[in-house]
Structures are given as structure tokens and as C-alpha cells.
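Small disclaimer: the values here were computed from a predicted structure and weren't measured. Remember, it's 1-based here, ligands and their atoms both numbered in the order they're listed.
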Amino acid sequence: MKLGIVIPCYNEEEVFGETTRLLGELFESMIESGAIDKESFICYVDDGSKDKTWELIEQASEEFAHFKGIKLSRNFGQQNALIAGLMQLKNSADALISMDADLQDDIMLIKEFVQKYKEGYDVVYGVREDRSKDSSFKRNTAELFYKVQDFMGIENISNHAHYRLLSQKALNALAQFKEIDMYLRGVIPLIGFRSCSIYYTRDERFAGDTKYSVKALFLLAIDGIASFSVMPLRFITGIGFLLFIFSLFMIVWILFEKIVLNSTVDGWASMMTSIYFIGGIQVMSIGIIGEYIGRIFQEVKERPRYFIDKEI
Ligand code: UDP
Ligand code: MG
């Protein structure tokens, strides 16, 4: 099989040499053992780095066989860099593996990915079994995030980032998702086909610092929820409905106070009934509008309705 590896890089000059050396060695041995074709390649996608990353990619592509590069015009973020690489290369390999440049993901897993591909899997997820090397902040926030996603009914593969194999068939399915602001990790399970997970221990970064700020992580988390679920909108409808019911009880009580007990100040009853009643109606109306916005939101994504796996 012809394998491609796609690696987004943003200011990765510190790890680049080591990554290239290790992947180069692994590729040689895999080609020698016949696991992959010799036309297989490793492609770095330079996501608008400000350091020497691109120069290093150029150098590697000249010095060693198998290495290629794509340079983006500016920094678009890891997901977009990855999508760019996958879409540019989807027809030049039987399957593409995506991974980070920082050697946090065990590269020996590549052999297992290839093995699974040969067994007929179209999507293979690399799942971190052990995150003890990640900072506790990152571990805890990630856990919370997976729980919230689960609660919102979003299908997700916990502890899976961007270390995965996609067959050409899966890549062509991915290409049919037209949404611009794509949350890749959430979209891939929607593709279907035969898929499986393989497990590994995530290491520390080989060198350099994380390229994700807390702000970027937060925005990513919001994206992961808001682009897959209309539950927050539905929540408003729910609250509005409860408020409306509550307002009916309040009206009964207010009238009781006014007519039966006759213990109210002038104007209190009419004012209180309108506050509760109109308040309830308003929140519920916002929710109803939300329901329609939710539908518009789902429709504008123009997500593909189905993918065909086989025809006989
Ligand atoms: N990355 C990228 N563009 C960005 C940020 C990150 O291409 O704007 C790349 C980065 O070079 C690395 C991968 O995405 O190869 C994962 O980034 P990092 O290791 O910093 O993330 P972390 O492991 O801390 O979540
Ligand atoms: Mg990393």
C-alpha cells in the first residue's frame, strides 16, 4: 500500500530534526519489510510558521526521499492545516495518517495503523490510554469537555486527538463536508465505514512549547459543542416553558391575594400578572425562534446525507 503521513507544523524548528530523523528511519524499515510501497511519503504542512520551519522542510525534501512539504499562506490553525494536507493529498495515497510534529504520539503505532488498514479498516483512531504526561489542567479540562459533549448527545471518541488513519474512501467522504468552520474530530465519526481504535501512551513534547494557548483551547471546545448540537438553544425553550407554567401559578396566587384576601396595594395585581406572564411568554418565544435558528444552522452546513461503502 502507498501510505502518506500528514503533519501540520507551526513554529516547530526545535523538534523538526528529530521528527524527520525518526520518521525517516521508520519509513526505511517499513519499506524494506514490504509493509508500505516505496512511493509512500511524509508531508509537512507549514501553518504559517514564523521561525525556520519552512526552510527545514525544504531542506528535508531535498536531502531525503519520501519527504514533501506544503506551505500555507499564513497561520490557519492546526485543524485547517490538517484539512489542507488531507485534501491536497487524498488522491495520492491509499491512506493518510495525520499526526503532530512534536513526537507526543508514539510513531511506532504507524505500523499498527497500516496493519489495521490492511485488515480492511477505513478509519483507525489513535486513542491515548494514559494522559499522565499531560498537565493536570489539560487533563481535567479535557475530561470535563468530553463529559459535556456526551451530555449534549455528540458522538465523540474520548482521548483521541488527531492521530489517525483515514483510507482514501474515508477521505473522499470527508471531502463532501462543506462546512467552513469544521470541527474535524466530531465530523470523522459521522463518516462511518469500518473503524477501530488502537491505544497508546502519550508522551511529553520532545522539545518546544505547546502551540495552543488556553484561549485557543477554549475556542476549540466551544466549537466542538456549538457546531454539533442545538441543545443550548433547546434549553432556552425548556426554561421558557417552565417560566410560562410558573407564571400561570403566580397569576392564580396574585388573583387570590387580590380578590379573596383583598390584601394588596392598588395596581400590584395587574402589574405582577403582566410581569410573570409576559416574561414567561418572552423566554418561550425566544426558544421557539431558537428552534428555527437551530434548523437553519443544521441546513446551512449542507452535510452529506449518506456515504456508500460497497455496491454489488
Ligand atoms: N499546530 C499548527 N498550527 C497551529 C497550532 C499548532 O499546525 O496554529 C500544530 C503543531 O505544530 C503541532 C500540532 O499542531 O504539530 C499540535 O500542536 P501542539 O503539540 O502544540 O498541541 P498540544 O499537543 O499541546 O495539544
Ligand atoms: Mg503536542
Side-chain angles (χ1 to χ4, degrees), residues 4-23 42-58 60 67-89 96-107 109-110 125-146 156-165 180-186 188 200-224:
I5 297 185
V6 179
I7 308 177
C9 300
Y10 179 58
N11 297 342
E12 296 287 8
E13 61 181 14
E14 282 163 280
V15 296
F16 188 85
E18 188 66 4
T19 306
T20 304
R21 187 177 70 76
L22 290 173
L23 281 177
I42 297 158
C43 181
Y44 291 107
V45 182
D46 177 23
D47 186 17
S49 296
K50 291 177 183 68
D51 63 2
K52 289 217 179 63
T53 303
W54 179 247
E55 282 74 14
L56 293 171
I57 295 172
E58 276 182 319
F67 285 94
K68 298 194 198 198
I70 293 174
K71 183 175 164 58
L72 300 186
S73 60
R74 62 169 171 87
N75 180 251
F76 288 91
Q78 181 188 9
Q79 285 201 86
N80 289 320
L82 192 52
I83 292 167
L86 295 177
M87 290 303 117
Q88 285 296 311
L89 298 164
L96 295 177
I97 292 176
S98 48
M99 63 180 280
D100 293 352
D102 58 5
L103 297 173
Q104 280 192 284
D105 306 314
D106 180 6
I107 65 165
L109 222 62
I110 291 172
Y125 300 101
V127 175
R128 302 163 200 170
E129 212 165 18
D130 170 12
R131 291 183 71 129
S132 57
K133 299 265 175 68
D134 276 342
S135 70
S136 68
F137 170 75
K138 195 143 183 194
R139 214 168 42 234
N140 292 326
T141 48
E143 199 145 300
L144 177 69
F145 172 66
Y146 293 129
N156 74 71
I157 311 276
S158 292
N159 290 319
H160 160 71
H162 287 294
Y163 196 23
R164 72 174 84 81
L165 175 140
I180 307 293
D181 203 355
M182 177 139 79
Y183 182 72
L184 196 55
R185 278 197 264 173
I188 289 181
Y200 69 102
T201 303
R202 188 157 156 97
D203 247 327
E204 268 164 69
R205 217 174 208 290
F206 173 75
D209 288 320
T210 175
K211 306 295 180 261
Y212 272 93
S213 59
V214 173
K215 184 176 152 214
L217 276 178
F218 184 67
L219 292 177
L220 186 68
I222 298 222
D223 234 21

Checklist entry - Which atoms of ligand 1 have any heavy atom of Asn75 under 4.0 Å away? => result 3 (N), 4 (C), 8 (O)
Checklist entry - Out of Asp102, Asp47, Asn80, whose heavy atom is nearest to atom 4 (C) of ligand 1? => result Asp47
Checklist entry - When you look at NZ of Lys71, are more than 12 heavy atoms from neighbouring residues, nucleotides or ligands closer to it than 6.0 Å? => result yes
Item to check | Nitrogen or oxygen atoms of Ile7 and ligand 1 under 3.5 Å apart | outcome: no
Checklist entry - Are Thr141 and Phe218 close enough, and set up right, to give a side chain to side chain contact (heavy atoms under 4.5 Å, CB included), and what steps lead you there? => result CA-CA 9 Å; Thr141 48; Phe218 184 67; over 6 Å; no
Checklist entry - Looking at atom 24 (O) of ligand 1, what's its closest protein heavy atom, distance included? => result Thr210 OG1, 2.6 Å
Next on the checklist: With rounding to the nearest 0.5 angstrom, report the CG to OG1 distance, Leu23 to Thr19.
Outcome noted: 6.5 Å
Item to check | Cation over ring face, Arg202 and Tyr200, 6.0 Å, 45° | outcome: no
Checklist entry - Counting each atom of ligand 1 from 1 as listed, which ones have a heavy atom of Lys138 under 4.0 Å away? => result 22 (P), 24 (O), 25 (O)
Next on the checklist: Only N/O/S atoms count here: what is the atom of Asp102 closest to the Mg ion (ligand 2) called?
Outcome noted: OD2
Next on the checklist: Before we go on, tell me: are the rings of Tyr125 and Tyr163 under 6.0 Å apart, centre to centre?
Outcome noted: no
Checklist entry - In the protein, which heavy atom is nearest to atom 23 (O) of ligand 1, and how far is it? => result Gln104 OE1, 2.7 Å
Checklist entry - Do ligand 1 and Asp209 have nitrogen or oxygen atoms that lie under 3.5 Å from each other? => result no
Checklist outcome for this item: Ranking Gln78, Glu12, His162, Arg202 by closest non-hydrogen atom to atom 12 (C) of ligand 1, top hit is Glu12
Item to check | Asp100 near the Mg ion (ligand 2): N/O/S under 2.8 Å | outcome: no
Next on the checklist: Do Tyr44 and Thr20 pair up side chain to side chain, a donor and an acceptor below 3.5 Å, judged on atom types alone?
Outcome noted: yes
Next on the checklist: Using a 4.0 Å cut-off to any heavy atom of Pro8, which atoms of ligand 1 qualify?
Outcome noted: 7 (O), 9 (C), 10 (C), 11 (O), 12 (C), 15 (O)
Next on the checklist: How far is atom 6 (C) of ligand 1 from the closest protein heavy atom, and which atom is that?
Outcome noted: Lys211 CB, 3.5 Å
Checklist entry - Do any N/O atoms on Ala81 end up under 3.5 angstrom from N/O atoms on ligand 1? => result no
Item to check | For Cys9, the ligand 1 atoms whose distance to one of its heavy atoms is below 4.0 Å | outcome: 7 (O), 11 (O)
Item to check | Member of Asp47, Asp51, Asp46 meeting the side-chain contact (heavy atoms from CB on, under 4.5 Å) criterion with Asn11 | outcome: Asp51
Checklist entry - Leu220 versus Gln79: any side-chain heavy-atom pair under 4.5 Å? => result yes
Item to check | Intermediate values then yes/no, side chain to side chain contact (heavy atoms under 4.5 Å, CB included), Val6 and Leu89 | outcome: CA-CA 9 Å; Val6 179; Leu89 298 164; 4.0 Å; yes
Item to check | Closest protein heavy atom to atom 18 (P) of ligand 1, given as residue, atom name and distance to 0.1 Å | outcome: Arg205 NH2, 3.5 Å
Next on the checklist: For atom 21 (O) of ligand 1, what is the closest protein heavy atom, and at what distance to 0.1 Å?
Outcome noted: Tyr212 CD1, 3.4 Å
Next on the checklist: Walk me through whether Gln78 and Asp100 qualify under side-chain hydrogen bond (donor to acceptor under 3.5 Å, both in side chains).
Outcome noted: CA-CA 9 Å; Gln78 181 188 9; Asp100 293 352; 3.0 Å; yes
Checklist entry - Near the Mg ion (ligand 2), is there an N/O/S atom from Tyr212 that is less than 2.8 Å away? => result no
Checklist outcome for this item: dist Ile83:CD1 -> Ile180:CD1 (nearest 0.5 Å) comes out at 10.0 Å
